[in-house]
Amino acid sequence: MSSTLSGSRRLGLAAATLLSVATLALSGCAGGEGASNDGAGSDSTSVTVFNGATGTISENFNPFSSTALQPTLGVIFEPLFWYNAASDDEPTPLLAESFEWNEDGTQLTIKTREGVKWSDGEPFTAKDVAFTFNLVNKTPELNTTGLSATAEATDDTTAVLTFKENSFMQEPSVLGNRGIVPEHIWKDVADPITEINSDPVGTGPFKVKDFTAQSYLLEKNDLYWEEGKPAINEVRYISLDTADAATGALLAGEVDWMSSFLPGLEQILSDNENLSYVNTPALTASIFTCSNEELGCEGPQTDPAVRQAIYQGIDREQLNALAGGGFAKTASPTLVIPDRDADWIADPENTETPANANVEEAKTTLEDAGWVEGSDGIREKDGERLSLGIQTVTGYSDFISLNDAMSQQLREVGIELNPTQITYNEWINNLNIGKYQLTLESIGLQPSNNPFYAYEKWYNSANTTPVGESALNNNTARYSNPVVDKALAAARATNDETVQKEQYGIIQDEIVRDMPYIPIYVNSLLTEFNTERATGWPTNEDPYALAATWKAWDNGIVLKNITPAE
Amino acid sequence: MKYILQKLGFYLIAFWAALTVNFFLPRLLPGNPVDIMLAKLAQRGPVTPEAREAVELLLGTNTEAPLIVQYWQYLGKLFTLDLGTSVAFFPASVTDIIAQTLPWTIGLIGVATVISFVLGVTLGMLAGWKRGSWLDNLIPVTTMLQSVPYFWLALILLFVLGGMWDLFPLNGGYNVYETSPGWNLEFIGSVIYYGTLPALTIVISSVGGWMLGMRNMMVSTLSDDYILTAEAKGLRPKRIMTTYAARNAVLPSVAGFAISLGFVVAGSIVTEAVFSYPGIGSALLNAVGSNDYSLMQGLFLVITLSVLGANLLVDLLYSFIDPRTRARS
């Protein structure tokens, strides 16, 4: 989802428009000094994180809550396994050591780690795991993953989850997306929905030391189970309102870790030897099309040939240079991330999108479908002009540039794009109810790198609705294809990856032809670090975790692996 | 007495109208809080289709109650001072958020407004008293500063004084690294230090208006006969300036001042955005961004109350200070 990017993108824009001159100049004078948060003392290392928080911070360390403060997941509470969205590695065991499904996917047996202690000194056991899942199961307000399982701890290190039906596909959300809470504390919590858990007891590498509405401080959990970790003593989270503030703070050495798209990043960082960045592209920027006439979509984009022609007619290399800052990576028409997950692409032909526009091919596609060139160069069919509205959010500077550049590129093949910018709230509303012809959005992160989750969410007819009704943030293109639905059902019923890949091959052939979501490129995801106080951050060569400061779970991994600078 | 009752009645109706607008206006915005919260959820990881139902249950927004019923519930709750729960800061209550942010805004913008009024009126008085002096020539400069867009002026000062010369901190309400809130000297000192630059920008950008207004009133007052009389009586010039001229000249400024006090809360948004100041303006920005109806209503309520309150005060005060306003009714 592009909402994933919204924070950073908005910050990026503001920096570009308001103070680019000033911030650049700042880098010359304020950069590299950064003595301001050394106040903690010489033998303790404290890093400062800006994770996009603006204004007043509201205390909430409840790992079940949708509005929990970001380090709650991963830094204070841990899941059973960790799924690295930056690589195709197998999930890393955290609180669990192994898991096993029964044959028909209704029972999941989890072996938990021994020797783990809660931060209050009590031992962690499989009973805590069972308690956590039972609590979610009986509280619909907390059940954001649609879990329908009862859990039981058969001994201190074994928890068994029993599902009502085949649930292989629940695996990543059960194992990797649920923070385990201590039974001895949470059994007495009166209302787990509104509990703010101000003194959280978790198993994670850090615990809360101090909280105020402007900033909060975490300190090292001395009882952490992984020996020698974490190596740094304190992590401070701060709130900043604008991009200027964020950039200024980074350059002044007041922030050690943040994720923002900074215009002119290379130049800003070249003056500061302590600053570095990592680029972990994981979200595919795409043109979403309201594709289904039967469900109420209107306009030329309901013709698959038009969608194909757009796919063929845009010059992605130029778009990356103009809008992506050169940081974007090549996408795949299957919407799998080719760099990370090429194994999941059945037909090698479908691995990558073309780098440049193929104007002739696009023209032929349109000719064959009956779109003929009109007097002003824009094509027509049955009196309908090939003119399309494309929406994006006010302030998303890179998406706005994309729209402008694509309008020019597509004019050559006879397609007219009319870009409009609207507020975020209106845009997401339009997207959900299908009130658009084309709109720019990102295919977001999924529970694991298995493409099932993306295909299920964006292409399953069960996840769409007629135009006018909310498509629940899912199949917003209103795509409906029985072949895809059947293949999804077959992939869902097994955890044999060979069978799944076969089914995905069927899906990929359909979607590459129909193209309800037209991939542009895998957008950059930039994270900036200061290495003056701590080193060992992810790098472009070794992105051992998705380093974005807003990414749940991965934050804990990064913070427990960095070490104090010499 | 009848005059006062009339005024009070008028303000009561204005208050009710404002409450009604507060209720309906946020609901005319496109989008809804559930979408926004889901989008926020997606910032931390994948969101499944089932998440929506959970969030709707959580926020209690899946009620099908008609708008008019919700409106009565809203009015009813207002009487018990229950402003509801914030979506943007869930599960914190709106009253908590207001209690947390209001003191910062009143402290910063309130003090800055007072300073710029006192400063502006004093300078204006002196400029009017000695026409053609250097102070008088300063007026075009200050009015020019006032006409520069505020955010631009603030950014430039931030850049020069905070970045280039490193005299002031770049953002925040106090030093979060070394102090924590409490009634101790260190914290209070930090608050004053961090508030100086934002306050300075407000003073610089608004002092010109007070100065110009006061100076012109001063000039016209000085040409009145009673000033001549006072001079003829041989009173000391300083006494004539303050007690005779300035006292009468300041009346319109006082009225303006009370009104601008009313706008302290509402006018803080830009200042707080530029300086990352933790006040009510940034809370309002967050509320609008999240379609947080309850918080918007709560904040609008505070703004409405402060504007209406200040106006009422001026009305009542004026009827005492200047009997002419009362005479007609």
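Computed from a prediction, not measured in an experiment: that's the story for all the values here. The sequence lines fix the lettering, A, B, ..., with proteins before strands; numbering per chain opens at 1.
A donor-acceptor contact shorter than 3.5 Å is absent between the side chain of B:Tyr174 and the backbone of A:Gln214. Side chain of A:Asn425 to backbone of B:Val288: a donor-acceptor contact under 3.5 angstrom is found.
A side chain to side chain donor-acceptor pair (under 3.5 Å) check over residues 187-204 of chain B, counting only residues at least two apart or in different chains, returns the pairs B:Tyr150-B:Thr201.
Summarising the geometry of A:Thr56 relative to B:Gln100, their closest heavy-atom pair is CG2-OE1, 2.8 Å, with the distance given to 0.1 Å. Across all their heavy atoms, B:Tyr177 and A:Glu254 have their closest contact at OH-O, 2.6 Å.
Of the residues considered (B:Ala273, B:Ala92, B:Pro181, B:Pro169), B:Ala273 shows the highest number of contacts with chain A, using heavy-atom pairs under 4.5 Å. The candidate with the highest count of non-hydrogen atom pairs below 4.5 Å against chain B, out of A:Asn51, A:Asn430, A:Thr194, is A:Thr194. Between chain A and the residues B:Leu285, B:Asn171, B:Val176, the most heavy-atom pairs under 4.5 angstrom are made by B:Val176.
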Scan the side chains in residues 274-282 of chain B for donor-acceptor partners under 3.5 Å anywhere in the protein, sequence neighbours excluded, and list what turns up.
from, atom 1, to, atom 2, distance (Å)
B:Ser276, OG, A:Asp241, N, 2.6
B:Ser282, OG, B:Tyr277, O, 3.4
B:Ser282, OG, B:Gly279, O, 3.1

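Neither the backbone nor the side chain of B:Trp165 comes within contact range of chain A; no heavy atoms are under 4.5 Å apart.
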